[in-house]
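The structure under discussion appears below in the form of structure tokens.
The structure presented is a predicted model; accordingly, all values stated were derived computationally and were not measured.
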Amino acid sequence: MFKLTDYQCSLICADVYYLDRKEYQENSLHNGQVVRRPDFEYKIIYALDDAQTGFQGMAIVPKIANDFDEHQIYISFAGTNPNDPRDLYTDATQIRQARQRLNTASSGDQDYAQSKSQFNVVDRFWAHLIKKMKVKPADIQGVTAHSLGGALALYLAARHRLPAVTFSSADPRDRLSVSQIKYIKDNTNQYHNYYHPQDWIANWQADEPLGQAIVAQEYSSAKANDPTVNLLLNGHYLDSYGFTPTGRTAFFAQFNMDKFKQLPSQSAVLSALQSEQLSNQQHRYLTAISLLLTAQQMQTDVTHNMNDLIRLVRLAPKRLNDRAQQINILLSLKTNVQQLLNTRQLPELSTSKLDPVVAFNQTADLIDELRQEMNSILTFADQLVHQAHQILEDSPELLPLLEELVTYE
């Protein structure tokens with residue numbers, strides 16, 4: 001069965017924005033149109049540009065061999081168009097982060113109850129496919145979307161138990177029932193949600209993921225000079241994701257937190273490693289577990305601390321106008337990371353070291369330095385995970401245990 005790669009999903013997520021007739025006029029996409037991408041072609045079988053709410057969504061079928069397969073249907077929804085007040089209103093009243101900051105929950109709930117929100121349009125979109133176009137639910141293979149569209153996609157996926165791939169998704173939980181959230185968490189392998197850690201719209205997944213929250217490696221966005229970068233949105237755009245030759249995004253190690261909670265503490269593992277009663281196999285496994293515990297803690301601590309620091313720099317630049325003060329902040333972060341490593345008491349590793357990658361250039365941009373620093377630390381955590389795999393590569397009976405704890409490409 002043909003299955004879209006994550007790269008192909010991202011192309012569809014980018015294309016669906018072009019359903020907006022007001023924004024793109026003669027360049028907008030429409031029903032029946034064939035869209036040709038390198039090594040990928042698809043046909044739009046249903047497109048909706050809702051004038052009332054600003055919603056755009058489409059259902060497509062990919063070309064397989066020499067024909068479009070009507071039994072391989074994928075759905076995609078557009079995210080926020082910053083030039084469209086209707087999209088901005090949806091963000092402000094329907095998305096958890098904004099509702100909490102702006103105290104707009106009541107208006108959003110009222111719109112949803114009166115079937116006036118983009119989430120309601122998603123329901124009508126689905127009903128049109130199933131009831132009017134006579135599409136069989138079994139032929140719908142999944143849904144993919146970006147940003148606000150990601151929240152809409154997870155909403156539809158949870159309601160109808162569809163797989164989903166999202167990029168920089170907003171938080172959909174205010175529109176999901178307890179049972180729907182439970183379904184996603186019980187079927188995490190069906191939900192791939194990619195995000196960059198400095199993206200404040202999507203990094204809610206660091207604490208409360210729905211499905212597999214995948215921390216994608218950082219890439220520069222062509223929108224780097226866009227004014228929205230000042231709102232920390234550079235890592236929010238679709239073009240900030242890079243892809244491997246297999247069509248997957250390059251991502252950092254992902255940890256199964258439910259499994260991690262069942263592990264002994266780092267201190268207990270380090271204590272056990274001192275025992276002379278351990279077999280070689282047990283020693284290798286405990287060493288690998290210690291590496292994973294350290295890597296997971298680094299990823300959590302550094303991502304959270306760095307996000308806070310980047311917010312400070314972006315939102316309060318006058319407090320950081322002294323270059324010496326900026327450098328002190330970076331040096332302090334480096335010291336904190338080294339202390340983190342020391343307190344974890346890593347087993348002796350011949351190839352592990354945290355090399356500074358930031359030369360404190362007087363003309364360099366502070367945000368770029370912070371991102372480089374964060375990436376160097378997360379990359380180091382990845383190296384620890386890789387070493388854990390190497391330690392157990394000669395123990396095939398232990399590797400499945402490791403793979404339950406971490407996903408690593």
Original post:
In Å, rounded to the nearest 0.5 Å, how long is the span from CG of Leu210 to CD1 of Ile184?
Top reply: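 These two atoms lie 5.0 Å from each other.
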**OP:** Quick one: pull up CD1 in Ile201 and OG1 in Thr80 and give me the separation to the nearest 0.5 Å.
**Re:**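 These two atoms lie 7.0 Å from each other.
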Subject >> is_close_aromatic(Tyr241, Phe167), centroid dist under 6.0 Å >> reply: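 Close enough - the centres of the two rings lie under 6.0 Å apart.
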For [X], which residues count as a side chain to side chain contact (heavy atoms under 4.5 Å, CB included) partner, sequence neighbours excluded?
| X | answer |
| --- | --- |
| Ser267 | Ser265 |
| Ser76 | Ile12, Cys13, Val16, Thr144 |
| Gln190 | Pro163, Tyr183, Asn187 |
| Lys182 | Asp186 |

Suppose we screen for ring pair (Phe, Tyr, Trp, His ring centres under 6.0 Å). Which residues come up paired with [X], at least two apart in sequence or across chains?
| X | result |
| --- | --- |
| Phe255 | Phe260 |
| Trp126 | His160 |
| His283 | none |

Do [X] and [Y] get their side chains close enough for a donor-acceptor pair, meaning under 3.5 Å?
| X | Y | value |
| --- | --- | --- |
| Gln212 | Asn189 | no |
| Asp6 | Tyr194 | yes |
| His236 | Ser147 | yes |
| Tyr237 | His146 | no |
| Asp111 | Ser117 | no |

Subject >> Residues, nucleotides or ligands: over 12 heavy atoms within 6.0 Å of Tyr18 OH >> reply: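 No, the 6.0 Å shell around OH holds no more than 12 heavy atoms from other groups.
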**OP:** Flag yes if more than 12 heavy atoms outside Asn103 fall under 6.0 Å of its CG atom; otherwise flag no.
**Re:**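 At most 12 heavy atoms, drawn from other residues, nucleotides or ligands, come within 6.0 Å of this atom.
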Side chain [X], main chain [Y], donor-acceptor under 3.5 Å:
| X | Y | value |
| --- | --- | --- |
| Ser10 | Tyr7 | yes |
| Gln180 | Ser177 | yes |
| Ser275 | Ala272 | no |
| Ser28 | Tyr24 | no |
| Ser290 | Leu286 | no |
| Gln282 | Ser279 | yes |
| Asn81 | Glu23 | no |

Is the shortest side-chain heavy-atom distance between [X] and [Y] below 4.5 Å?
| X | Y | answer |
| --- | --- | --- |
| Glu41 | Val35 | no |
| Glu70 | Lys43 | yes |
| His71 | Lys136 | no |
| Tyr89 | Ser107 | yes |

Can you list the residues that meet the side-chain hydrogen bond (donor to acceptor under 3.5 Å, both in side chains) rule with [X], with sequence neighbours excluded?
| X | value |
| --- | --- |
| Thr53 | Asp50 |
| Asp109 | Arg99, Arg175 |
| Gln33 | His30 |

Can you give me every donor-acceptor pair (side chain of residues 149-159, partner residue at least two apart or in another chain, under 3.5 Å) with its distance?
residue: Tyr155; atom: OH; partner: Tyr112; partner atom: OH; Å: 3.0
residue: Tyr155; atom: OH; partner: Asp123; partner atom: OD1; Å: 3.2
residue: Tyr155; atom: OH; partner: Asp123; partner atom: OD2; Å: 2.7
residue: Arg159; atom: NE; partner: Asp123; partner atom: OD1; Å: 3.2

**OP:** Could you give me the CA-CA distance, side-chain angles and deciding distance for Phe77 and Phe55, then say whether ring-ring contact (aromatic ring centres under 6.0 Å, His included) is met?
**Re:** CA-CA 8 Å; Phe77 304 130; Phe55 166 95; 5.3 Å; yes
**OP:** For residues 76-90, pull every pair meeting salt bridge (charged side-chain N to carboxylate O under 4.0 Å, His left out), keeping only residues two or more places apart or in separate chains.
**Re:**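 Pairs touching residues 76-90 that pass the test: Asp84-Arg86.
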Original post:
Any salt bridge between Arg37 and Asp15, counting N to O under 4.0 Å?
Top reply: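 Asp15 and Arg37: salt-bridged.
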**OP:** Could you go through the side-chain contact (heavy atoms from CB on, under 4.5 Å) check for Tyr74 and Tyr42 one step at a time?
**Re:** CA-CA 10 Å; Tyr74 292 85; Tyr42 65 85; over 6 Å; no
